[in-house]
Amino acid sequence: MKNLSDLLAEGVAGRRVLVRADLNVPLDGDKITDDGRVRASVPTIKALADAGARVIVTAHLGRPKGEPDPKFSLAPAAARLGELLGAEVALAGDLVGPSATSVVGALTDGGVVMLENVRFDARETSKDDAEREALADELASFADAFVSDGFGVVHRKQASVYDVAKKLPAYVGGLVDAELGVLRKLTDDLERPYVVVLGGAKVSDKLGVIANLLTKVDRLLIGGGMAYTFLKAQGHEVGTSLLQEDQLDQVKGFITEADKRGVELVLPVDVLVTAEFGNTEHDVVGTDAIPADKMGLDIGPKSRELFASKLADARTVFWNGPMGVFEIETYAGGTRAVAEALVKSDAFTVVGGGDSAAAVRALGLPEDGFSHISTGGGASLEFLEGKELPGISVLEA
């Protein structure tokens, strides 16, 4: 698999390089609320531009329905990227149409342009190979080489991720290369004790990764909404808390498997409960005393101390998913406690992208307090699940 260094060594001055970045940033109107993914894309793009390449950035934002939608325009991302690069990044008004052709045609050595949201074209995510390849052909016509640098999408078999890599000389970008190096360290070269912290809303989103991790970890901490399915599987009342009843048998199997393998499974011992979602008036109760008419929205103070103690001696930690509804300050304490425990730790600590990475920044915690903050939650989980990532396998072909 050739990487960015190989491409730069070949020489890129005057060559057109298509870069698939991940600029799927959260927006409030047209204002970016977390620019982490834009900042993460800068080193690869800057290295190419500084070497004289004509850089064409393609990316997606949100989930438009395969047609142009102004609220999902990449305009805010293009403006922010330009600020970080210190040079204007022109945004084409379309993906592969007249505007894109004109903007790409006007590129000069060292310049950077961006194509409009690739998901404005339904062919990007089509299950029909021929449709995706047709779009990939049009994208490839703009460039002489392709760099895959959007780690958050490498688990997707999509035109701008997978198919275009078969049409052009393809290279792995610096960001994706670094992400893969970290994840391989979690699977091939880890120090023990190895502790994984999983949170977030649904246990169904993490079935595969839990099953795979139970064969590898020493300790598994479960928080967030998914914890209530585990608590219910142990026979506890969980009130109106988030519960996936259809996953109870699967979760009981996980509990049995953890016990059989000697994996320490750690669940919350107390939670913050309230009458309805968003209500900041709450009580702290033990997980064996959740009222039938209340829901848990965060792990409680004893659970925070317990989780921190279970992280204290770790040598390797992977964390994916918040411990509660961190967007509401009242229910952010559990997520903050886990994050702070990782900052204090001497372990190799990896934050698995998505809401966990957003929480680190939203809570004002130092990003350099962690060994690595991933830009791709879904891709990280699928890698740890042992799945093949199409956007990587195509580069290895």
Side-chain angles (χ1 to χ4, degrees), residues 178-200 203 206-224 226-227 230-231 233-234 251 253-270 287 299-324 333-357 359-360 365-374 377 380-386:
E179 294 269 15
L180 291 174
V182 167
L183 290 173
R184 289 185 181 120
K185 187 168 182 177
L186 290 179
T187 52
D188 302 331
D189 186 29
L190 59 88
E191 288 187 60
R192 296 186 181 278
Y194 177 25
V195 183
V196 170
V197 187
L198 295 178
V203 69
K206 298 184 172 75
L207 291 177
V209 75
I210 293 172
N212 200 38
L213 286 171
L214 284 175
T215 69
K216 296 177 169 59
V217 303
D218 300 297
R219 200 174 291 148
L220 180 60
L221 282 55
I222 303 287
M226 62 188 289
F230 276 83
L231 291 169
Q234 289 186 329
V251 168
F254 288 151
I255 293 171
T256 300
E257 184 71 9
D259 185 58
K260 184 173 83 172
R261 290 184 173 275
V263 173
E264 186 179 0
L265 181 62
V266 184
L267 298 174
V269 294
D270 62 346
T287 48
I299 62 173
K302 290 181 180 178
S303 300
R304 298 168 195 176
E305 290 180 10
L306 173 65
F307 280 29
S309 73
K310 297 297 182 180
L311 291 165
D313 67 341
R315 296 301 303 160
T316 304
V317 181
F318 175 76
W319 168 37
N320 180 278
M323 299 294 100
T335 302
R336 181 185 295 278
V338 166
E340 289 178 343
L342 295 190
V343 171
K344 293 174 185 175
S345 170
D346 292 327
F348 178 73
T349 54
V350 179
V351 180
D355 285 343
S356 311
V360 166
L365 296 165
E367 293 186 44
D368 60 4
F370 306 88
S371 304
H372 181 73
I373 298 178
S374 178
S380 296
L381 289 174
E382 290 201 13
F383 185 98
L384 294 179
E385 190 176 334

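Bear in mind that the values here come from a model prediction, so they are computed numbers and not experimental data.
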| task | For the pair Val317 and Leu311, evaluate side chain to side chain contact (heavy atoms under 4.5 Å, CB included) and give the outcome as yes or no after the intermediate values. | result | CA-CA 8 Å; Val317 181; Leu311 291 165; 3.9 Å; yes

| note | Sorted by chain and residue number, the salt bridge (Lys or Arg N to Asp or Glu O under 4.0 Å) partners of Arg261 (sequence neighbours excluded) come out as Glu257

| message | Determine whether Glu179 and Phe383 satisfy the following criterion, side chain to side chain contact (heavy atoms under 4.5 Å, CB included), listing intermediate values before the conclusion. | response | CA-CA 11 Å; Glu179 294 269 15; Phe383 185 98; over 6 Å; no

| task | List in chain and number order the residues that pass side chain to side chain contact (heavy atoms under 4.5 Å, CB included) with Glu340, two or more places apart in sequence or in another chain; answer none if no residue qualifies. | result | Arg336, Leu365

| query | Considering residues at least two apart in sequence or located in another chain, which fulfil the side chain to side chain contact (heavy atoms under 4.5 Å, CB included) criterion with Thr287? | reply | Leu231, Pro268, Val271

| query | Going through the checks in order, is the side-chain hydrogen bond (donor to acceptor under 3.5 Å, both in side chains) test met by Ser303 and Asp270? | reply | CA-CA 6 Å; Ser303 300; Asp270 62 346; 2.7 Å; yes

| task | Quick one: closest heavy-atom pair of Thr335 and Ala359, and the distance? | result | CG2-CB, 3.8 Å

| query | Do you know the tightest heavy-atom contact between Phe230 and Ile222? | reply | CD1-CG2, 3.9 Å

| remark: In short, side chain to side chain donor-acceptor pair (under 3.5 Å) pairs touching residues 210-221 with sequence neighbours left out are Arg192-Asp218, Asn212-Lys216, Arg219-Glu264, Arg219-Asp313

| request: Just jot down the side chain to side chain contact (heavy atoms under 4.5 Å, CB included) partners of Ala258, sequence neighbours excluded, or say none. | output: Leu214, Val263, Leu265

| request: Taking the side chain as every heavy atom from C-beta outward, state whether Phe254 and Leu207 have any atom pair closer than 4.5 Å. | output: yes

| said: Quick check: closest heavy atoms across Leu267 and Leu306, and the distance to 0.1 Å? | reply: O-CD2, 3.8 Å

| Excluding sequence neighbours, so at least two apart, what forms salt bridge (Lys or Arg N to Asp or Glu O under 4.0 Å) with Glu385? | Lys387

| said: To check you understand the geometry: which heavy-atom pair defines the closest contact between Gly334 and Arg304, and what is its length? | reply: N-NE, 3.4 Å

| Listed by chain and number, what are the side chain to side chain contact (heavy atoms under 4.5 Å, CB included) partners of Asp355, not counting sequence neighbours? | Pro322, Phe326

| remark: Result for side-chain contact (heavy atoms from CB on, under 4.5 Å) between Leu198 and one of Leu221, Asn320, Val203 points to Asn320

| request: Let me see the working for Phe318 and Val217 under side chain to side chain contact (heavy atoms under 4.5 Å, CB included), right down to the final yes or no. | output: CA-CA 10 Å; Phe318 175 76; Val217 303; over 6 Å; no

| query | Which is it for Leu213 and Ile210 under the side chain to side chain contact (heavy atoms under 4.5 Å, CB included) test, yes or no, and what are the steps along the way? | reply | CA-CA 5 Å; Leu213 286 171; Ile210 293 172; 5.8 Å; no

| note | All heavy atoms of Ile255 vs all of Gln234, minimum pair found to be CD1-CG, 3.9 Å

| Do Leu220 and Val195 have side-chain heavy atoms sitting under 4.5 Å apart? | no

Check: residues 341-352 side-chain donor-acceptor pairs under 3.5 Å, at least two apart:
from: Ser345; atom 1: OG; to: Ala347; atom 2: N; distance (Å): 2.8
from: Thr349; atom 1: OG1; to: Ser371; atom 2: N; distance (Å): 3.0

| query | If every non-hydrogen atom of Met226 is compared with every non-hydrogen atom of Gly199, which pair is closest and at what distance? | reply | SD-O, 3.2 Å

